[in-house]
Amino acid sequence: MPNKDPFVVAIDGPSGSGKGSLAFNVARELGFHMLDSGAIYRLLALKALQLGVDLDDEAGLVDLLDVFDIRFEAGDELAVPYLDGVDVSSELRQEATGDAASRVARHAKVRQGLLGLQRSFFRPPGLVADGRDMGTVVFPRARFKFFLYASPEIRAQRRYKQLINMGLSANIAQLQADIAERDERDQGRSASPLKPAEDALVVETSMLDLAQVTELVLSHIRGK
Ligand code: DC
């Protein structure tokens, strides 16, 4: 495939579609590195909240990129995110941070300013990148592109279990409302809206568990 970068697997989809766990499994199986691009938007949102930068202030958010000091360290399972040298794992996964990230992510100049950082995660032997625009904008030449779907109800249930397992409190009706609002914002924005790349394989995951989705994706990759 001369036109394609053989070493990038792009996994996109709405929140709670199971991208993160799938990306983790696929990266482990292939021995690839990972980019959790949602975590980058979440870290920038946290930074803005810490410094009192308004989430509608595009120029103020872009200025933050000059002092945006983040890193990920290998953890037991998922990578541990650091902001300004501080482990912010628990703040990062909270719904309020996801919501703030979705607001930060509406701004075209912020997205533009984060492109280089996201692409710098690419390292041999390869990268599994998950997010909203991995296959459409950040890695348009990715060799494999997947787009995960699941109904908002199923996604709310999954998020609920995830939060409870992390020892955080959660309310399923509230989660469903938040997911609907976030979908609308992520799909409706003009800058890199959430949508499948033309050459993405769309996977409906509502009726599949993680092991089945992992198997489907890996067999697609290995079959090529
Ligand atoms: O995947 P996540 O829930 O951690 O992402 C948080 C928010 O960040 C999401 O609502 C939209 C935004 N985001 C984005 O716009 N583009 C990405 N590639 C990843 C996340």
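Computation of the quantities below employed the complete heavy-atom set of this structure, encompassing side-chain atoms and omitting hydrogens, waters and symmetry-equivalent molecules. In this text the structure is predicted, and so the values were computed from the model without any measurement. Start at 1 with the first residue, then count along the sequence. Both ligands and their constituent atoms are indexed starting at 1 by order of listing.
Residues of the protein with a heavy atom under 4.0 Å from ligand 1 are Lys19, Ser37, Gly38, Tyr41, Arg42, Arg93, Ala101, Ser102, Ala105, Arg111, Gly131, Arg132, Asp133, Met134, Arg159, Arg182, Asp186, Arg189, listed by chain and number.
The distance from the CG atom of Leu194 to the CD atom of Glu184 is 12.5 Å, given to the nearest 0.5 Å.
Comment: Asp69 does not engage Lys47 in a salt bridge, judged by the lack of any side-chain N to carboxylate O separation of less than 4.0 angstrom. Classification of Glu29 and Arg222 as a salt-bridged pair holds, one side-chain N sitting under 4.0 Å from a carboxylate O.
Annotation for Gln112: atom CD does not count as buried by contact number, only 12 or fewer foreign heavy atoms lying within 6.0 Å.
A donor-acceptor pair under 3.5 Å is absent between the side-chain atoms of Arg93 and the main chain of Leu163, judged by distance alone.
Contact record, Ile11 with Ala23: CD1-CA, 3.8 Å, taken as the closest heavy-atom pair.
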